There are 2 protein chains.
Amino acid sequence: MFQALADPTRRLMVERLCDGPASVSELAAPLQMTLSAVVQHLAVLEESGLVRSQKQGRVRTCQVDTQALRSAERWISERRTLWEKRFDRLGAYLAENPEEPKEGPQT
Amino acid sequence: MFQALADPTRRLMVERLCDGPASVSELAAPLQMTLSAVVQHLAVLEESGLVRSQKQGRVRTCQVDTQALRSAERWISERRTLWEKRFDRLGAYLAENPEEPKEGPQT
DNA sequence: GCAATACTTAAGCGTATGCTTCACCAACCA
DNA sequence: TGGTTGGTGAAGCATACGCTTAAGTATTGC
């Protein structure tokens with residue numbers, strides 16, 4: 001998932017797909033690389049669940065799947081708020097115990 | 001950023017740091033690899049802005065920086081809602097134009 | 001001062017990643 | 001029917017990544 005979003009080309013592809021579905025060659029058009037490379041990126045995106053696609057005739061149409069995006073968002077959000085809560089507690093602790101916290105407020 | 005979160009070990013380290021600051025060796029303790037490897041992961045996390053650290057005496061203490069997490073979260077969230085809005089519009093369109101959308105509602 | 005601790009840095013190594021080329025197949029269409 | 005379009009799959013290659021070992025530096029405690 002994060003692996004899939006790690007590559008800038010793939011992020012571009014996701015951004016493009018957020019503007020609407022696209023065929024493989026439409027996706028490839030703005031990118032400075034072969035169709036083959038784009039297809040390989042697409043495979044990674046599909047494996048990660050970020051993108052789905054179906055073939056109709058000879059053209060494959062791709063679109064994003066927000067489920068995966070949602071879960072990545074949740075992962076980050078949970079970690080972030082966890083830390084921010086901790087940070088608040090630390091603030092409160094420091095306000096009450098003004099000096100020499102030789103043993104920190106671990107846990 | 002996403003690059004940094006792409007590695008499972010680094011995600012573990014971030015999770016650990018969300019429970020509170022830790023020294024390099026505390027961070028390394030639960031991981032089945034050398035201190036050296038952990039330090040290298042740490043460097044990636046610091047470059048990405050996900051983690052900050054400072055050295056006091058001979059021990060380096062690390063903590064997460066929510067700024068970076070926040071911006072990753074925003075990126076995902078923006079893309080996701082963008083797509084979901086589009087999806088809603090498409091639903092409305094289909095409800096009003098029941099047949100043969102030979103030219104899709106692109107844009 | 002001396003040893004232990006807590007990193008730090010550099011070199012090396014195997015595997016994964018991102019890309020290309022080339023050959024190929026399946027629609028479409030003039 | 002034959003050429004063009006749109007995509008697929010395999011092979012190969014250069015570079016990046018994750019890790020190890022090994023040698024070194026800067027604190028800390030006795």
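Naming: A, B, ... by sequence-line order, numbering from 1 per chain. Quick caveat: nothing in here was measured; it's all calculated off a predicted structure.
- Listed by residue number, the members of residues 52-60 of chain A with any heavy atom below 4.0 angstrom from DNA chain C are A/G57, A/R58.
- Side-chain contact check for A/R86 versus B/P21: some heavy-atom pair is nearer than 4.5 Å.
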TODO: Would you check, one step at a time, whether the test side chain to side chain contact (heavy atoms under 4.5 Å, CB included) holds for A/L27 with A/H41?
DONE: CA-CA 11 Å; A/L27 269 180; A/H41 281 303; over 6 Å; no
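- The distance from the CG atom of B/L42 to the OG1 atom of B/T9 is 12.5 Å, given to the nearest 0.5 Å.
- B/L5 is not listed as a side-chain neighbour of B/R10, based on a closest heavy-atom distance of 4.5 Å or more.
- Between B/R11 atom CZ and D/dC17 atom P there is a gap of 16 Å when expressed in whole angstrom units.
- Of the residues in residues 29-47 of chain A, those placing a heavy atom less than 4.0 Å from an atom of DNA chain D are A/L35, A/S36, A/V39, in numerical order.
- Between A/V14 and B/W75, some side-chain heavy-atom pair lies under the 4.5 Å cut-off.
- The residue among B/S23 and A/Q3 whose nearest nucleotide of DNA chain C lies closer to the 5′ end is B/S23.
- Note that the CZ atom of A/R79 and the CG atom of B/D19 stand 9.0 Å from one another [nearest 0.5 Å].
- Not one N or O on the side chain of B/E46 forms a donor-acceptor pair closer than 3.5 Å with the backbone of B/A43.
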Under 3.5 Å, sequence neighbours excluded: what are the donor-acceptor pairs made by side chains of residues 59-70 of chain B?
from	atom 1	to	atom 2	distance (Å)
B/R60	NH1	B/S53	OG	2.9
B/D65	OD1	B/Q67	N	3.0
B/D65	OD2	B/R52	NE	3.4
B/R70	NH2	A/E84	OE2	2.5

